[in-house]
Amino acid sequence: MKRRQTISVIIPTKNRPESLLRVLSALHTQIPRVDEIVVVDMQSTDGTYDILKKLGCRVYVSPWPHPDNPRDTLNHAFELHTQICFGDT
């Protein structure tokens, strides 16, 4: 039997909870099923992190000094996952 690979979706965001809720809703209906949703939060100041944690998302908060450029944080997140679908809010 062929084993299905794990699918992780990584989404960068900053202060966009309404967009994220739409994206997350759509992801829950995707086929094949998404196994893990990882949100890279670029140091939001509007409660985005708390909303995502309540929804059960895995959230990375960017430790880099220029969080408006997600490159370093996304590269780090990509290194942690093998199969990736990139989404942008």
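Hydrogens, waters and symmetry mates play no part in the numbers below; they use all other heavy atoms, side chains included.
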*Can you measure from SG (Cys57) to CG (Asp41) and round to the nearest 0.5 angstrom?*
11.0 Å
*How about Val59 and Lys53: do any of their side-chain heavy atoms sit closer than 4.5 Å?*
yes
*Determine, step by step, whether Val40 and Ile10 satisfy the side chain to side chain contact (heavy atoms under 4.5 Å, CB included) criterion, reporting the C-alpha distance in whole Å, the side-chain angles of both residues, the deciding distance to 0.1 Å, and the verdict.*
CA-CA 7 Å; Val40 180; Ile10 299 174; 3.7 Å; yes
*asked:* Could you work out, with side-chain contact (heavy atoms from CB on, under 4.5 Å) as the rule, every residue matching Asp46, not counting sequence neighbours?
replied: Asn15, Pro17, Ser44, Thr48
*Could you grab the distance from atom CD1 of Ile37 to atom CG of Leu55, nearest 0.5 Å is fine?*
9.0 Å
Return all side-chain donor-acceptor pairs below 3.5 angstrom for residues 23-34, not counting sequence neighbours, or 'none' if the list is empty.
residue: Thr29; atom: OG1; partner: Ala26; partner atom: O; Å: 2.8
residue: Gln30; atom: NE2; partner: Ala26; partner atom: O; Å: 3.2
residue: Arg33; atom: NH1; partner: Asp35; partner atom: OD1; Å: 3.2
residue: Arg33; atom: NH2; partner: Asp35; partner atom: OD1; Å: 3.1

_Would you compute the distance between atom CD of Glu36 and atom CZ of Arg58 and round it to the nearest 0.5 angstrom?_
4.5 Å
*Could you tell me the separation between the CG atom of Leu20 and the CD1 atom of Ile51, rounded to the nearest 0.5 Å?*
8.5 Å
